[in-house]
Amino acid sequence: MILKLDRHLFALISALTVIACRGDDPGTTEGASSTSTTSDSASSTVTTPTTTDATTTTGTTGTTGTVDQTTMAPTTDPCADSGGFIDCNGTSSGGGEPLPNGAECGSDADCESMNCYKNMLVMLSVCAECNEDADCVAAGTGTACNLDLATQSIACSDGQNGSTCMSDEACMSTHCDAVIEIPIPGLLPDTCGECSVSDDCPVMDDICSPNFDFMAFSGQKKCVAPGSVENNQLCPSDEAEGDAACMSGHCTTATLMGIVPVNICGECDGDGDCDMGMTCMPAEASMAGLTGSTCV
């Protein structure tokens, strides 16, 4: 399971890297354009190599690594990268028979369920019971379309806390929120949680704080008692609420992949919070997890 989840971590890293590098123009370079024209004499001397049936094969499937035999460039194998979601015995119908749940698809029309679920996080596009909350409501099978990486399933749920969701109405708690704000719409689905803001908490003075499991890529917002969140755990983005939620009294900000801000409980806000002669090192966030600020 850890190996399969590592693919999901790689997918998010790749997607965030695209955002960070969006200034690069993939258009034609001067070098490329200069090669698009050749003289008649030069072209007449070029001999096009012949190929056999074996060398024109565009790639192999069913293995982790594939190579285009013509260009010798690696190709993508969806069966290897899907983390177990894709049924490699079924592929896009292309106008043929509708496909069962779990088969790779290109559009809703490919599927028996008429639902082709797509998500860049796990690099999948597969037939499923649902691809939006409305599918579950219409079928009477639930209120939320839940993507569960732990069980590798896409199915309707009753909107219990932790289920992925698209609206407050999908959740039993009536609270559907992003636990971590990622600048790629739809990459990390919103989830049902206990609260959206602290005023939603039934116990006075409790704080609505984010909770996230990086290995399972799941989480929710929960009501927590003041001073109960341990170091190296997420805390609210509001400065006053963040400090109040942490046992240490210190909630500071780090950036994930340099672009996604996350707030983490730690030991200090500055050198003044540490013993004499010690330095406050800032919080850090990576795909391996969170580290709050520390005195060193």
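Because the structure is predicted, anything quoted here is derived from the model rather than measured.
Between C251 and D243, the shortest heavy-atom distance links the atoms N-OD1, 2.9 Å. Looking at every heavy atom in both residues, I264 comes nearest to A283 through CD1-CB, 4.1 Å. Taking all atoms of both residues into account, the shortest heavy-atom contact from A285 to V262 is CB-CG2, 3.6 Å.
D158 places no side-chain N or O within 3.5 Å of a backbone atom of Q160 that could act as its donor or acceptor partner. No donor-acceptor pair closer than 3.5 Å links the side chain of S163 to the backbone N or O of C192. No donor-acceptor distance shorter than 3.5 angstrom exists from the side chain of K118 to the backbone of S107, with no hydrogens or angles considered.
With sequence neighbours excluded, no residue forms a side-chain contact (heavy atoms from CB on, under 4.5 Å) with T255. E284 pairs by the side-chain hydrogen bond (donor to acceptor under 3.5 Å, both in side chains) definition with nothing, not counting sequence neighbours. Partners of S113 by side-chain contact (heavy atoms from CB on, under 4.5 Å), not counting sequence neighbours, listed by chain and number: N101, C111, N115. With sequence neighbours left out, S286 forms a side-chain contact (heavy atoms from CB on, under 4.5 Å) with A288. For E112, the side-chain hydrogen bond (donor to acceptor under 3.5 Å, both in side chains) criterion is met by no residue, not counting sequence neighbours. Not counting sequence neighbours, the partners of A128 by the side-chain contact (heavy atoms from CB on, under 4.5 Å) test are Y117, I154. Here T164 pairs with N146 under the side-chain hydrogen bond (donor to acceptor under 3.5 Å, both in side chains) rule; sequence neighbours left out. S237 is linked by a side-chain hydrogen bond (donor to acceptor under 3.5 Å, both in side chains) to nothing, counting only residues two or more places apart in sequence or in another chain.
Cysteines C130 and C145 are disulfide-linked, with SG atoms closer than 2.5 angstrom.
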Please table the atom pairs, donor to acceptor, closer than 3.5 Å between any side-chain atom in residues 205-218 and protein atoms at least two apart or in another chain.
residue: D213; atom: OD1; partner: M215; partner atom: N; Å: 3.0
residue: D213; atom: OD1; partner: A216; partner atom: N; Å: 3.2

Throw together a table of side-chain donor-acceptor distances under 3.5 angstrom for residues 134-142, partners on residues two or more places apart or in other chains.
residue: D135; atom: OD2; partner: N131; partner atom: N; Å: 3.0
residue: D135; atom: OD2; partner: E132; partner atom: N; Å: 3.2

Enumerate donor-acceptor pairs with a distance under 3.5 Å from any side-chain N or O in residues 223-236 to protein atoms, sequence neighbours excluded.
residue: S228; atom: OG; partner: A225; partner atom: N; Å: 3.4
residue: S228; atom: OG; partner: A225; partner atom: O; Å: 2.5
residue: N231; atom: OD1; partner: S248; partner atom: OG; Å: 3.4
residue: N232; atom: OD1; partner: G292; partner atom: N; Å: 2.7

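The side chain to side chain donor-acceptor pair (under 3.5 Å) analysis of residues 178-200, with sequence neighbours excluded, yields the pairs H175-S196, D177-S196, S198-E241.
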